[in-house]
Amino acid sequence: PTLGSGPALARARRDNVRRMKQDLNDAELDELAELLNATPEPLQPLDVLMLDGYLAGVLVQPRWVAVEEWLPPVFDFERRALPDNADAAWLVRTKSLIERRRDALNAGISEDGFFDPVIVDVDQLPPVSEYEEEQSAVSRALMPWSAGFQWAQECFPDLEDTADDAVGAALSRIYRHLPPQADEDKALIAVLDREQPLKDLDAGLEDLVNATVELWDLTAKQRFAVATIKRDTPKVGRNDPCHCGSGKKFKACHGR
């Protein structure tokens with residue numbers, strides 16, 4: 001599908017059976033792109049390519065991130081709130097499509113170990129810029145998705161703060177598609193290109209998906225951990241006097 005005058009999108013297709021539950025179809029994906037473009041100024045929203053990586057980056061956090069936390073950064077890189085006069089119908093439809101894509105990604109990652117990233121159509125990549133001269137065609141196609149994933153880590157640093165070498169290794173496989181910012185980045189990309197080369201876009205997509213699924217698995221125990229509640233005082237029985245001093249039984253007072 002195309003996004004007006006913007007780049008075309010390509011969704012990776014696999015022959016194996018998967019259950020991307022209630023996922024957006026191509027027309028809805030285009031609609032979502034247009035809705036994001038209609039975000040009130042001066043806010044600067046994610047585009048639909050970065051949004052896809054961002055949602056995946058939120059899902060693999062070592063804690064469950066509520067929609068109230070992760071939605072504002074979708075609409076603005078400075079995380080400014082939407083104006084009070086933002087069109088209510090626009091917001092409801094935009095949020096509905098975003099949440100459906102989030103739920104589909106969650107089902108694919110957690111249940112199937114597979115999902116279809118939304119990426120740039122390599123046949124319509126723009127000319128190489130000065131910032132992309134050292135990037136392969138594979139990384140140029142996967143860069144927007146990876147940038148969105150990194151934006152999630154900037155907003156919610158819990159994952160990057162995890163002291164786990166396996167987490168760091170998986171993150172490196174996603175960040176390898178971003179333009180290197182320092183000599184350390186270039187050195188790391190060189191090591192990955194040597195030890196885990198990506199011969200074509202299919203290989204790059206497979207590695208990107210696998211790295212994301214690995215991160216979900218590595219953080220699942222923390223994300224679904226249930227904290228044990230420790231009481232400072234003995235539990236009040238239903239037939240005990242209420243702690244408020246009313247003289248009534250607890251079940252007939254605050255216990256109601």
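In this text the structure is predicted, and so the values were computed from the model without any measurement.
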A.B. asks: What distance separates Leu218 CG from Arg223 CZ, expressed to the nearest 0.5 Å?
C.D. replies: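 The CZ atom of Arg223 is 10.0 Å from CG of Leu218, to the nearest 0.5 Å.
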A.B. asks: With a 6.0 Å cut-off (strictly less than), is the heavy-atom count around CG of Asp165, excluding the residue itself, greater than 12?
C.D. replies: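 Counting other residues, nucleotides and ligands, CG of Asp165 stays at 12 neighbours or fewer.
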A.B. asks: Measure the shortest side-chain to side-chain distance between Leu208 and His177 over non-hydrogen atoms and say whether it is less than 4.5 angstrom.
C.D. replies: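 When only atoms from C-beta onward are counted, His177 and Leu208 do touch, with a gap below 4.5 Å.
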A.B. asks: With rounding to the nearest 0.5 angstrom, report the CG to CG distance, Leu82 to Leu91.
C.D. replies: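 Atom-to-atom, Leu82:CG and Leu91:CG are 6.0 Å apart.
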A.B. asks: Kindly say whether Gln44 contributes a backbone atom to a donor-acceptor pair with the side chain of Asp76 at under 3.5 angstrom?
C.D. replies: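 Yes, Asp76 side chain to Gln44 backbone: donor-acceptor pair under 3.5 Å.
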A.B. asks: Using a 4.5 Å cut-off on heavy atoms from C-beta on, say whether the side chain of Val213 contacts that of Phe114.
C.D. replies: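 Result no, sub-4.5 Å side-chain heavy-atom pair not found.
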A.B. asks: Go through Gln61 and Gln153 one step at a time and tell me if the side-chain hydrogen bond (donor to acceptor under 3.5 Å, both in side chains) criterion holds.
C.D. replies: CA-CA 8 Å; Gln61 289 295 317; Gln153 311 320 312; 2.7 Å; yes
A.B. asks: Any side-chain heavy atom of Leu49 sitting closer than 4.5 Å to one from Trp145?
C.D. replies: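 Result no, sub-4.5 Å side-chain heavy-atom pair not found.
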A.B. asks: Working note: Trp70 + Cys155, criterion side-chain contact (heavy atoms from CB on, under 4.5 Å); need CA distance, chi angles, decisive distance, verdict.
C.D. replies: CA-CA 8 Å; Trp70 63 255; Cys155 296; over 6 Å; no
A.B. asks: Whether the side chain of Gln181 engages the backbone of Pro179 through a donor-acceptor N/O pair (distance < 3.5 Å, no angle test) should be reported.
C.D. replies: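 Side chain of Gln181 to backbone of Pro179: a pair is present.
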A.B. asks: Just wondering, do Leu36 and Asp47 contact through their side chains at under 4.5 Å, heavy atoms?
C.D. replies: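 Result no, sub-4.5 Å side-chain heavy-atom pair not found.
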A.B. asks: Could you go through Val191 and Arg194, starting from their C-alpha distance and side-chain angles, then the distance that decides it, and tell me whether this counts as side-chain contact (heavy atoms from CB on, under 4.5 Å)?
C.D. replies: CA-CA 5 Å; Val191 171; Arg194 183 174 64 253; 3.7 Å; yes
A.B. asks: For Thr212 versus Ala56, what's the shortest heavy-atom pair and its separation?
C.D. replies: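 It is CG2-CB, 4.2 Å.
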A.B. asks: Show, in sequence, the C-alpha distance, side-chain angles and deciding distance for Leu201 and Leu142, and conclude whether the side-chain contact (heavy atoms from CB on, under 4.5 Å) test is met.
C.D. replies: CA-CA 9 Å; Leu201 183 57; Leu142 301 182; 4.1 Å; yes
A.B. asks: Counting only N and O atoms by type, is there a donor-acceptor contact under 3.5 Å from the side chain of Asp185 to the main-chain atoms of Ala182?
C.D. replies: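 Between the backbone of Ala182 and the side chain of Asp185 there is a qualifying donor-acceptor contact (under 3.5 Å).
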A.B. asks: Shared ILVMFWY cluster between Val118 and Val138, side chains joined below 4.5 angstrom?
C.D. replies: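 Yes, because Val118 and Val138 connect within a single hydrophobic cluster, where side-chain heavy atoms sit under 4.5 Å apart.
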A.B. asks: With a 4.5 Å cut-off on side-chain heavy-atom distances among I, L, V, M, F, W and Y, is there a chain of contacts connecting Leu24 to Val92?
C.D. replies: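 Shared cluster, no.
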A.B. asks: Calculate, to the nearest 0.5 Å, the distance between atoms CG and CG belonging to Leu198 and Asp193 respectively.
C.D. replies: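 These two atoms lie 7.0 Å from each other.
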A.B. asks: Specify the closest pair of heavy atoms between Ile119 and Ala141, including all atoms of both residues, with the distance to one decimal.
C.D. replies: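 Where Ile119 meets Ala141 most closely, the heavy atoms are CB-O, 3.8 Å.
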A.B. asks: How about Leu105 and Asp52: do any of their side-chain heavy atoms sit closer than 4.5 Å?
C.D. replies: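 In contact.
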A.B. asks: Leu188 versus Tyr175: any side-chain heavy-atom pair under 4.5 Å?
C.D. replies: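 When only atoms from C-beta onward are counted, Tyr175 and Leu188 do not touch, as no gap falls below 4.5 Å.
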A.B. asks: Test Asp23 against Phe115 for side-chain contact (heavy atoms from CB on, under 4.5 Å), laying out the working first.
C.D. replies: CA-CA 10 Å; Asp23 200 3; Phe115 63 97; over 6 Å; no
A.B. asks: List the atom of Asp200, the atom of Ala203, and the distance in Å for their closest heavy-atom pair.
C.D. replies: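 Where Asp200 meets Ala203 most closely, the heavy atoms are OD1-N, 2.9 Å.
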A.B. asks: Answer whether the closest heavy-atom distance between the side chains of Asn210 and Arg173 falls below 4.5 Å.
C.D. replies: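 Yes - at least one pair of side-chain heavy atoms lies under 4.5 Å apart.
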A.B. asks: Using atom types as modelled and distance alone, determine if a side-chain donor or acceptor of Asn106 lies under 3.5 Å from a backbone N or O of Arg102.
C.D. replies: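 Checked: no pair found.
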A.B. asks: Look up atom CG in Leu59 and atom CG in Leu215, then write down how far apart they are to the nearest 0.5 Å.
C.D. replies: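 If I round to the nearest 0.5 Å, the distance is 11.5 Å.
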A.B. asks: Parallel under 30°, tilted from 30 to 60°, perpendicular over 60°: which one fits the rings of Tyr54 and Phe156?
C.D. replies: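 It falls in the tilted class, 30° to 60°.
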A.B. asks: Evaluate the side-chain proximity of Leu51 to Arg101: yes if any heavy-atom separation is below 4.5 Å, no if none is.
C.D. replies: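 The answer is no, as the side chains (C-beta and beyond) never meet within the 4.5 Å cut-off.
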A.B. asks: If you round to the nearest 0.5 Å, how far is CZ of Phe77 from CD of Glu154?
C.D. replies: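 It comes to 9.5 Å.
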A.B. asks: Atom CE of Met143 and atom OG of Ser136: how far apart are they, to the nearest 0.5 Å?
C.D. replies: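 So the gap between those two atoms works out to 11.0 Å.
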A.B. asks: Is there a continuous path of hydrophobic side-chain contacts, each under 4.5 Å between heavy atoms, that joins Leu178 to Leu192?
C.D. replies: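 No; tracing contacts between hydrophobic side chains, which count when under 4.5 Å, never links both residues.
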